[in-house]
Amino acid sequence: MKRIAHSSRLYYHYLRRTGLFSYLSENMLKLLYIIIGFVAVMMIIQQFITMDEIFQMIINNVAYQYVFVLFGISETILGLIPPDLFIMWAKTLSGDIDASKWVLLGILATMSYLGGIAAYGIGYALQSKESIRQWIQLKHSDLFNKLRKWGGFLIGVAALLPIPFSLITLISGTTRFPFRILLVVGLLRYLRFLIYALALWSMM
């Protein structure tokens, strides 16, 4: 037991020395700024039109199946669109198609989780392409270094905070990061969707 406690303390000091907690604080601060900015924009927009009305217009003009396809693509290819928009869309959609908003949220979270796994597979396939792997490593060298230093902790941060989850899992694939660890840590994606849904839906 003492050996485990000693090893834990050493690992804690290693993570602190290599900057994980500073990186986490920076991204928490970014999240706070994003939330403040998002709330401010929503307050301005809702002087003219409610968020429900905005997403209702989307629902009236775009089949929800296509929106799910767009979300799946976005969550697999570098997180092109913030998932928060889809979370809000799901609440409005639930009333339109008479489905539970929690079921729709679960579908979105599962698609995001699977999108991250698919991105890992893409990265794993690309690591055998030397020129492509080197280009990715050069373009995202900072994230490569962070993954080497922090491993699963970086994946956990990306699963919870506004860092492109699929980009981190793609890089994990190119470095052949242990797939089992990614599968377990990636489950934090569900917690992320739940927390954000509770926050966003309370403002709609």
Side-chain angles (χ1 to χ4, degrees), residues 27 30-31 34-35 38 42 51-52 54-127 136 140 143 147 152-204:
N27 281 281
K30 287 180 184 177
L31 175 60
I34 290 172
I35 292 173
F38 186 77
M42 284 186 65
M51 297 305 294
D52 269 335
I54 292 174
F55 289 107
Q56 189 63 55
M57 285 191 293
I58 296 173
I59 290 168
N60 291 339
N61 292 281
V62 183
Y64 69 86
Q65 294 92 337
Y66 294 136
V67 179
F68 275 119
V69 170
L70 176 63
F71 176 72
I73 293 172
S74 174
E75 290 297 282
T76 303
I77 306 175
L78 309 184
L80 300 174
I81 305 174
D84 315 314
L85 297 176
F86 295 93
I87 291 173
M88 292 187 291
W89 165 81
K91 182 184 179 185
T92 304
L93 177 67
S94 66
D96 195 67
I97 64 173
D98 194 26
S100 168
K101 61 185 180 181
W102 299 109
V103 171
L104 295 178
L105 180 69
I107 292 172
L108 290 176
T110 300
M111 290 179 68
S112 180
Y113 175 69
L114 295 177
I117 293 173
Y120 177 95
I122 293 170
Y124 193 91
L126 291 177
Q127 59 88 28
I136 295 174
H140 301 289
L143 292 177
L147 183 63
F153 283 99
L154 179 62
I155 297 172
V157 171
L160 290 171
L161 297 179
I163 301 170
F165 179 61
S166 57
L167 175 58
I168 299 299
T169 57
L170 183 142
I171 291 172
S172 300
T174 62
T175 60
R176 294 192 176 185
F177 184 83
F179 185 58
R180 290 181 181 179
I181 296 178
L182 182 137
L183 286 178
V184 174
V185 178
L187 291 172
L188 289 171
R189 201 66 176 160
Y190 286 91
L191 180 60
R192 185 248 196 247
F193 272 71
L194 175 61
I195 293 172
Y196 282 52
L198 291 173
L200 292 170
W201 290 348
S202 67
M203 295 187 291
M204 291 180 67

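It should be emphasised that the depicted structure is a prediction, and the values quoted were computed from it without experimental measurement.
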(message) Restricting to side chain to side chain contact (heavy atoms under 4.5 Å, CB included), what partner residues turn up for Val69, sequence neighbours left out?
(response) Ile73

(message) Going by the rule ring pair (Phe, Tyr, Trp, His ring centres under 6.0 Å), which residues pair with Phe193 if we only count those two or more places apart in sequence or in a different chain?
(response) none

(request) Write out all pairs satisfying salt bridge (charged side-chain N to carboxylate O under 4.0 Å, His left out) with one or both partners inside residues 190-203, taking only residues at least two apart or from two chains. (result) Asp84-Arg192

(request) Keeping the roles fixed (side chain from Tyr120, backbone from Phe177), state whether a donor-acceptor pair exists under 3.5 Å. (result) yes

For residues 197-204, which side-chain N or O atoms pair as donor and acceptor with protein atoms under 3.5 Å away, sequence neighbours left out?
| unit_1 | atom_1 | unit_2 | atom_2 | d |
| --- | --- | --- | --- | --- |
| Trp201 | NE1 | Ile87 | O | 2.9 |
| Ser202 | OG | Leu198 | O | 3.4 |
| Ser202 | OG | Ala199 | O | 2.6 |

(message) Nearest 0.5 angstrom please: Ile81 CD1 to Leu70 CG, how far?
(response) 4.0 Å

(request) Decide side-chain contact (heavy atoms from CB on, under 4.5 Å) for Gln127 and Thr175; before the verdict, give the C-alpha distance in whole Å, the side-chain angles of both, and the deciding distance to 0.1 Å. (result) CA-CA 7 Å; Gln127 59 88 28; Thr175 60; over 6 Å; no

(request) Can you tell me which residue pairs pass the side chain to side chain donor-acceptor pair (under 3.5 Å) test with a partner in residues 68-81, sequence neighbours excluded? (result) Glu75-Ser112, Glu75-Arg189

(request) Please list, chain by chain and in numerical order, all residues satisfying side-chain hydrogen bond (donor to acceptor under 3.5 Å, both in side chains) with Thr110, sequence neighbours excluded. (result) Tyr190

(message) For a quick test of reading the model, state the closest non-hydrogen atom pair linking Leu182 to Ser172 and the distance between them.
(response) CD1-CB, 4.0 Å

Contacts table for residues 58-68: side-chain donor-acceptor under 3.5 angstrom, sequence neighbours left out:
| unit_1 | atom_1 | unit_2 | atom_2 | d |
| --- | --- | --- | --- | --- |
| Asn60 | OD1 | Gln56 | NE2 | 3.1 |
| Asn60 | ND2 | Gln56 | O | 3.2 |
| Asn61 | ND2 | Met57 | O | 2.6 |

(request) Carefully, step by step, assess Ile107 and Met111 under the rule side-chain contact (heavy atoms from CB on, under 4.5 Å). (result) CA-CA 6 Å; Ile107 292 172; Met111 290 179 68; 4.0 Å; yes

(request) Taking the side chain as every heavy atom from C-beta outward, state whether Pro82 and Tyr196 have any atom pair closer than 4.5 Å. (result) no

(message) My understanding is that only residues two or more places apart in sequence, or in another chain, count here; which of them pass ring pair (Phe, Tyr, Trp, His ring centres under 6.0 Å) with Tyr124?
(response) none

(message) Does Trp89 form a side-chain contact (heavy atoms from CB on, under 4.5 Å) with Leu85? I'd like the steps, not just the answer.
(response) CA-CA 6 Å; Trp89 165 81; Leu85 297 176; over 6 Å; no

(request) Would you please name every residue forming a ring pair (Phe, Tyr, Trp, His ring centres under 6.0 Å) with Phe165, sequence neighbours left out? (result) none

(request) Please identify each residue that fulfils side chain to side chain contact (heavy atoms under 4.5 Å, CB included) with Val185, with sequence neighbours left out. (result) Ile155, Ile181, Leu188

(request) Scan residues 89-103 for pairs that pass salt bridge (charged side-chain N to carboxylate O under 4.0 Å, His left out), counting only residues two or more places apart or in two chains. (result) none

